Amino acid sequence: MAKAAKSEAGGGQTVAITLPIAFQPAEGYEAQQAAEGRVQLGDGPRTHIDAMLGPVEAAAFMHLRAGLRRDNAKLACGRPVWSNPDVLRWLMQQVAAQAV
């Protein structure tokens with residue numbers, strides 16, 4: 001289960017989240033797709049995400065984006081985090097860097 005802790009820091013908050021990470025899909029349809037080579041984990045093809053967030057999640061996302069902009073966060077390629085997709089890319093880069 002994911003856990004979150006927050007602390008106040010100079011004009012904003014810092015949130016620490018513990019996320020569960022698995023390196024193999026759970027049994028079922030997704031595992032079957034992976035076994036047949038239709039879904040690749042790791043260095044496979046890119047993944048497209050199209051999601052609509054509810055009001056609470058959208059507000060949290062916008063707060064994250066504002067914090068990343070304020071802190072001048074950069075993507076692994078060195079480009080500043082600015083757009084909504086950049087925020088998700090940055091977040092997944094952080095997860096990937098710590099999940100190894």
Side-chain angles (χ1 to χ4, degrees):
M1 168 143 338
K3 297 179 184 178
K6 63 182 176 178
S7 64
E8 301 293 326
Q13 294 180 340
T14 300
V15 178
I17 302 174
T18 301
L19 300 172
I21 303 293
F23 293 96
Q24 296 297 324
E27 291 185 28
Y29 177 76
E30 193 172 79
Q32 179 183 348
Q33 294 293 308
E36 294 172 0
R38 296 181 186 181
V39 174
Q40 294 181 352
L41 300 174
D43 295 331
R46 297 177 181 202
T47 299
H48 175 83
I49 297 173
D50 186 9
M52 174 145 329
L53 301 176
V56 173
E57 295 84 4
F61 188 86
M62 296 312 236
H63 291 307
L64 174 59
R65 187 182 75 181
L68 292 170
R69 286 178 175 180
R70 179 197 66 213
D71 292 351
N72 197 27
K74 305 265 194 258
L75 295 170
C77 66
R79 189 165 52 88
V81 174
W82 195 256
S83 68
N84 290 346
D86 287 344
V87 173
L88 185 57
R89 285 184 195 103
W90 180 89
L91 186 59
M92 292 299 95
Q93 287 173 357
Q94 303 311 302
V95 170
Q98 296 183 35
V100 178

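It should be emphasised that the depicted structure is a prediction, and the values quoted were computed from it without experimental measurement.
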Problem set entry | Residue from N72, L64, D71 passing side-chain contact (heavy atoms from CB on, under 4.5 Å) with L68 | L64
Problem set entry | Separation between CE of M62 and CZ of R69, rounded to the nearest 0.5 Å | 7.5 Å
Review item, side-chain donor-acceptor pairs of residues 83-91, under 3.5 Å, at least two apart:
residue: S83; atom: OG; partner: D86; partner atom: N; Å: 3.2
residue: S83; atom: OG; partner: D86; partner atom: OD1; Å: 3.4
residue: S83; atom: OG; partner: D86; partner atom: OD2; Å: 3.2
residue: N84; atom: OD1; partner: R65; partner atom: NH1; Å: 2.9
residue: D86; atom: OD1; partner: R79; partner atom: NH1; Å: 3.1
residue: D86; atom: OD1; partner: R79; partner atom: NH2; Å: 3.1
residue: D86; atom: OD1; partner: R89; partner atom: NH1; Å: 2.9
residue: D86; atom: OD2; partner: R79; partner atom: NH1; Å: 3.1
residue: D86; atom: OD2; partner: W82; partner atom: N; Å: 3.1
residue: D86; atom: OD2; partner: S83; partner atom: N; Å: 3.1

For this session: State which residues pass side-chain contact (heavy atoms from CB on, under 4.5 Å) with E57; sequence neighbours excluded, sorted by chain then number.
Result: L53
